[in-house]
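Comments concern the structure below.
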Amino acid sequence: MDLAALKERLGDQYEALETHVSTLVEQRDAARRESETKRKALKAEVESLRAIKAKLFERLGLDDDSDLDALPDSKGQAEAVKQFESRVKRLEKELAEAAKAKADSDGRYRAAQAEQALQKALAEYQFSDREVVESYDRSKLGWDDDNNLTYRHGETPMALDEGVKLLVKDK
């Protein structure tokens with residue numbers, strides 16, 4: 001509707017009506033702009049929340065909203081995690097202790113094996129001071145990569161029997 005057509009009929013009231021209509025139009029336009037701005041902000045917020053939701057679902061291993069009900073209650077999970085971690089620590093400690101005990105046992109077994117082999121190799125010979133020879137020979141014993149007992153003569157590893165024979169021959 002065109003207000004100019006009513007100018008003659010309204011006379012002096014026309015300007016007040018025109019001012020009032022202009023104010024209403026400005027208010028309408030401002031409300032429209034505000035509505036559009038808020039709608040855009042809400043749309044951006046919804047997109048952001050959808051992205052966060054997708055990321056959370058991915059981390060939780062969920063496919064859709066219906067899987068949310070299947071999730072266990074998180075209140076008890078923190079305590080369960082603490083119990084599991086303490087159990088893991090205890091088992092790791094027990095494993096370390098068992099590994100240490102095994103290493104000690106292996107060391108004692110190797111020492112006993114080495115002593116037995118040394119005594120057997122030295123039994124064939126008569127020495128004036130057997131303890132000195134045993135001590136010297138013990139310092140020359142070692143283990144190769146295949147866990148075989150070796151005798152080091154210089155830098156050359158050899159079988160224990162051969163090493164003792166070489167020692168007897170040299171001395």
Side-chain angles (χ1 to χ4, degrees), residues 1-118 138-152 154-160:
M1 174 178 215
D2 187 22
L3 290 179
L6 298 175
K7 187 173 185 179
E8 289 179 17
R9 285 189 202 169
L10 294 175
D12 294 339
Q13 294 177 346
Y14 175 77
E15 287 184 23
L17 179 61
E18 185 180 34
T19 305
H20 181 68
V21 169
S22 294
T23 304
L24 290 176
V25 168
E26 287 175 16
Q27 288 175 354
R28 180 201 64 194
D29 292 344
R32 182 180 292 154
R33 282 191 302 273
E34 182 181 349
S35 175
E36 288 174 359
T37 304
K38 285 186 178 181
R39 190 173 53 234
K40 287 178 183 178
L42 287 174
K43 191 174 183 180
E45 186 178 355
V46 165
E47 290 302 317
S48 172
L49 290 173
R50 283 184 181 154
I52 290 171
K53 176 184 170 186
K55 191 173 184 179
L56 285 173
F57 273 41
E58 180 182 330
R59 289 224 175 152
L60 292 172
L62 301 176
D63 294 328
D64 57 17
D65 294 343
S66 63
D67 293 341
L68 282 175
D69 294 333
L71 283 178
D73 187 21
S74 63
K75 291 179 183 176
Q77 285 186 355
E79 183 62 32
V81 167
K82 287 179 185 176
Q83 289 176 359
F84 181 75
E85 288 174 348
S86 67
R87 185 174 176 197
V88 167
K89 287 180 183 178
R90 182 178 45 85
L91 291 174
E92 287 174 344
K93 183 180 176 185
E94 289 175 6
L95 178 63
E97 290 172 356
K100 184 179 182 294
K102 181 189 179 304
D104 292 345
S105 176
D106 287 348
R108 288 192 308 273
Y109 176 72
R110 281 183 164 198
Q113 265 188 322
E115 185 63 30
Q116 182 183 15
L118 181 62
R138 274 190 201 99
S139 69
K140 298 292 185 176
L141 296 179
W143 296 91
D144 64 7
D145 293 336
D146 297 327
N147 289 326
N148 296 320
L149 188 61
T150 59
Y151 185 91
R152 289 183 316 274
E155 293 298 318
T156 308
M158 59 183 69
L160 177 62

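Reckoned from all heavy atoms, side chains included, excluding hydrogens, waters and symmetry mates. These numbers were taken from a predicted model, which means no experiment stands behind them.
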Requested in this report: Keeping the roles fixed (side chain from Ser22, backbone from Glu18), state whether a donor-acceptor pair exists under 3.5 Å.
Outcome: yes
Report task. Tell me, yes or no, whether the heavy-atom count around Glu58 atom CD, taken from other residues, nucleotides or ligands under 6.0 Å, exceeds 12. Result -> no
Requested in this report: For the pair Ser105 (side chain) and Ala101 (backbone), establish whether a donor and an acceptor sit closer than 3.5 Å, ignoring hydrogens and angles.
Outcome: no
Query raised in the report: Is it true that atom CD of Gln113 has more than 12 heavy atoms of other residues, nucleotides or ligands lying nearer than 6.0 Å?
Result: yes
Requested in this report: Step by step, work out the side chain to side chain contact (heavy atoms under 4.5 Å, CB included) result for Glu92 and Leu95.
Outcome: CA-CA 5 Å; Glu92 287 174 344; Leu95 178 63; 5.5 Å; no
Query raised in the report: For Gln13, does the CD atom sit with more than 12 other heavy atoms under 6.0 Å from it, leaving out its own atoms?
Result: no
Query raised in the report: Is there side-chain contact between Lys43 and Lys40, with heavy atoms separated by less than 4.5 Å?
Result: no
Query raised in the report: So, Ser48 side chain and Ala44 main chain: donor-acceptor pair closer than 3.5 Å or not?
Result: no
Report summary line: Those residues at least two apart in sequence (or on a different chain) that pass side chain to side chain contact (heavy atoms under 4.5 Å, CB included) with Val25 are Val21, Arg28, Asp29
Report summary line: Output for pair (Leu149 CG, Gln116 CD), nearest 0.5 Å, gives 11.0 Å
Query raised in the report: So with a 6.0 Å cut-off around CZ of Arg59, is the heavy-atom count from everything else above 12?
Result: no
Query raised in the report: Per the salt bridge (Lys or Arg N to Asp or Glu O under 4.0 Å) rule, which among Arg108, Lys102, Arg110 passes with Asp106?
Result: Lys102
Requested in this report: State, to 0.1 Å, how close Leu141 and Ala114 come at their nearest heavy-atom pair, and which atoms those are.
Outcome: CD1-CB, 4.1 Å
Report summary line: Separation between CD (Glu94) and CZ (Arg87), nearest 0.5 Å, reads 10.0 Å
Query raised in the report: Are the charged groups of Arg32 and Glu36 less than 4.0 angstrom apart, N to O?
Result: no
Query raised in the report: What residues form a side chain to side chain donor-acceptor pair (under 3.5 Å) with Lys38, not counting sequence neighbours?
Result: Glu34
Requested in this report: Please determine if Lys55 forms a cation-pi arrangement with Phe57, meaning its NZ or CZ atom is less than 6.0 Å from the six-membered ring centre and no more than 45° off the ring axis.
Outcome: no
